[in-house]
Amino acid sequence: MTPEEIELVRPRLVEFTAGMLGGLARSDQRAKGELYMRGLLTDGARKSMQPMAERLGVDHQGLQQFITSSTWDYTQVRANVATWAVDAINPDAYVVDDSGFAKDGKSSPCVARQYSGTLGKVGNCQIGVSVQMATDHASLAADWRLFCPPSWDDTTIEDPAVAEQTRSRRARAGIPDSVRHREKWRLALDMLDEMLNPATSSGPDSGAVGGWGLPKRPVVGDSGYGDAAEFRLGLTERGLVYALQVDPTAIAHPGDATPVVPVFSGRGRPPRPRYPDKPPTLRDLALAAGQSACRPITWRNGSKKTKDNPTAAMRSHFLAIRVRLASRHIPRAEDGSLPDEWLIAEWPPDQPEPVKYWLSTLPPPTKLKTLVRLAKLRWRIEHDYRELKTGLGLDHFEGRNHLGWHRHVTLTVLAQAFCHLLRLDPKADAPA
């Protein structure tokens, strides 16, 4: 927004941030929070502290102190924003994802040479793992963790000298002792627990304890999460259904396959029930179902209208069959059977085989269009990442402090929520 547009919506911004930052103990902290929000929302190429301070006409040291050393709980702010989003956005799903934050040096917390889907290659970057509340029309990056690679966890390093150097580097970056290397899918489960577990107490002084108490929703994610059988099991154990993209080389039995008990020879332990046939890959199962099993599905309308597609309908051909994933991590029932779920495959009519695959634990009566729409919902957060990064400066934080990174990300999400607030109001005075 231009400074003039910011002034038009300033009263609403003050009111909104006062509600979201209401748990901050001091009025000067709340004022600094609103100031930082204005810096993020105001047009400018960089949203790091010094350029924002220059545009706002303030000393950047005040912003820096608020982000890196002032005493306030960013977790409670996230809980406030997410609770607001339940009513404002009414999310259809929680989307788990991660995004790379490219860096030049080695001092930013948890920076390392690692693969980033954002960069499309291995590069020097931080990785932020997020859980986003999403519909086809909006998303909110509600919760975040900064992925800690093994090179930043001294407990994973055998060389005593290197481990000591790592401890010193962690201390300089202010990384808490509780932050250790954990797989991204485990961080996603941690955040879902935080978001969905009930709060045991709340109040302006105590905040939420135990969890945020958000409603359960289906979980969506790409193959970085869907390929982890333990992640899928973790969701099921928490009573959460999912639609997760997977690699087609995973193996599974057909949905109608049943275990049999081999003939007992009379010696040793009696044999347990097992499937008589070797499980094929998901690709093989989809190919066996054949292109004749596909149906044309339109899952949403896009923005690129053409003469041949005046409604910008997003459509393709899909099939859905029941399968039983075969993995050592998946527990079997007493009769030896594995749980069944949906295999969804996108198979455009001009392609010799499917191009994308998903697994879903939505119930058997679920319509194919519902399955496809949920599986495809991840597009929304990819769209909104552009606003978060390019427009609001999500990846512009230049500090070298773990706490500062989390606070900057939290206030960027708060700015994103304010943009949604303006879009939801037809009487909004400024574009968002």
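In this chain, numbering begins with 1 at the start of the sequence shown.
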Subject >> Test item: side-chain donor near acceptor, Y385 and S130, under 3.5 Å >> reply: yes
**OP:** Could you tell me whether a side-chain N or O of D98 sits under 3.5 Å from a main-chain N or O of G128, the two making a donor and an acceptor?
**Re:** no
Original post:
Is K389 close enough and on-axis enough to F101, meaning under 6.0 Å and within 45°, for cation-pi?
Top reply: yes
Original post:
Is R12 salt-bridged to E15, cutoff N-O under 4.0 Å?
Top reply: no
Subject >> Intermediate values then yes/no, side chain to side chain contact (heavy atoms under 4.5 Å, CB included), R238 and L189 >> reply: CA-CA 9 Å; R238 289 162 172 77; L189 289 177; 4.0 Å; yes
Subject >> NZ/NE/NH1/NH2 to OD/OE distance under 4.0 Å, R380 and D384 >> reply: yes
Original post:
Within 45° of the axis and under 6.0 Å from the centre of the six-membered ring of W299, does NZ or CZ of R315 qualify?
Top reply: no
Original post:
Under the 6.0 Å and 45° cation-pi test, does R300 pair with W379?
Top reply: yes
Original post:
Are any side-chain N or O atoms of R232 and backbone N or O atoms of G226, one a donor and one an acceptor, separated by less than 3.5 Å?
Top reply: yes
Subject >> Residues H253, L338; criterion side chain to side chain contact (heavy atoms under 4.5 Å, CB included); working and verdict >> reply: CA-CA 9 Å; H253 297 282; L338 290 160; 3.9 Å; yes
Original post:
Do you see a donor-acceptor pair shorter than 3.5 Å between the side chains of D97 and Y225?
Top reply: no
Original post:
Any side-chain donor paired with an acceptor under 3.5 Å for E341 and Y242?
Top reply: yes
**OP:** Evaluate the side-chain proximity of P339 to R324: yes if any heavy-atom separation is below 4.5 Å, no if none is.
**Re:** no
Subject >> Any side-chain donor near an acceptor of the partner, D92 and T135, under 3.5 Å >> reply: no
Original post:
Is R322 salt-bridged to D256, going by a charged N under 4.0 Å from an acidic O?
Top reply: no
**OP:** Please work out which of the three classes, parallel, tilted or perpendicular, describes the rings of F16 and W84, given edges at 30° and 60°.
**Re:** perpendicular
Original post:
In chain order, what residues pass the side chain to side chain contact (heavy atoms under 4.5 Å, CB included) check against T306, with sequence neighbours excluded?
Top reply: D308, N309
**OP:** Evaluate the criterion salt bridge (charged side-chain N to carboxylate O under 4.0 Å, His left out) for residue pair R332 and D335; output intermediate values, then yes/no.
**Re:** CA-CA 8 Å; R332 297 175 181 245; D335 64 358; over 6 Å; no
**OP:** Under the salt bridge (charged side-chain N to carboxylate O under 4.0 Å, His left out) rule, what do E34 and R38 come out as? Steps first, then yes or no, please.
**Re:** CA-CA 6 Å; E34 189 267 332; R38 272 192 283 145; 3.1 Å; yes
Original post:
How would you list all residue pairs meeting salt bridge (Lys or Arg N to Asp or Glu O under 4.0 Å) that involve residues 74-90, not counting sequence neighbours?
Top reply: R78-D143
Subject >> D190/R182 under salt bridge (charged side-chain N to carboxylate O under 4.0 Å, His left out): CA gap, chis, key distance, verdict >> reply: CA-CA 10 Å; D190 292 344; R182 285 171 67 77; 3.1 Å; yes
Original post:
Under the 3.5 angstrom rule, does the side chain of S116 hit a backbone N or O of L119 as a donor-acceptor pair?
Top reply: yes
Original post:
With the threshold set at 4.0 Å, does a side-chain nitrogen-carboxylate oxygen contact exist between D136 and R373?
Top reply: yes
Subject >> K103 vs C125, side chain to side chain contact (heavy atoms under 4.5 Å, CB included): CA-CA, chis, key distance, verdict >> reply: CA-CA 5 Å; K103 295 293 177 181; C125 62; 5.7 Å; no
Original post:
Side chains of S316 and E346: donor-acceptor distance under 3.5 Å anywhere?
Top reply: yes
Original post:
Do NZ/NE/NH1/NH2 and the carboxylate oxygens of R145 and E194 come within less than 4.0 Å?
Top reply: yes
Subject >> Heavy-atom donor-acceptor pair, N80 side chain to L21 backbone, under 3.5 Å >> reply: no
Original post:
Does a donor on one side chain sit under 3.5 Å from an acceptor on the other, for T118 and S99?
Top reply: yes
Subject >> Parallel, tilted or perpendicular: rings of W144 and W405 (30°, 60°) >> reply: perpendicular
**OP:** For the pair L35 and M52, evaluate side chain to side chain contact (heavy atoms under 4.5 Å, CB included) and give the outcome as yes or no after the intermediate values.
**Re:** CA-CA 10 Å; L35 183 66; M52 285 200 302; over 6 Å; no
Original post:
Where does the angle between the aromatic ring planes of Y74 and H406 fall among parallel (under 30°), tilted (30 to 60°) and perpendicular (over 60°)?
Top reply: parallel
Original post:
What residues form a side chain to side chain contact (heavy atoms under 4.5 Å, CB included) with S48, not counting sequence neighbours?
Top reply: R46, P51, E398
Original post:
Is any side-chain heavy atom of P218 less than 4.5 Å from a side-chain heavy atom of L240?
Top reply: no
Subject >> Distance-only side-chain donor-acceptor flag, D153 / T156, under 3.5 Å >> reply: no
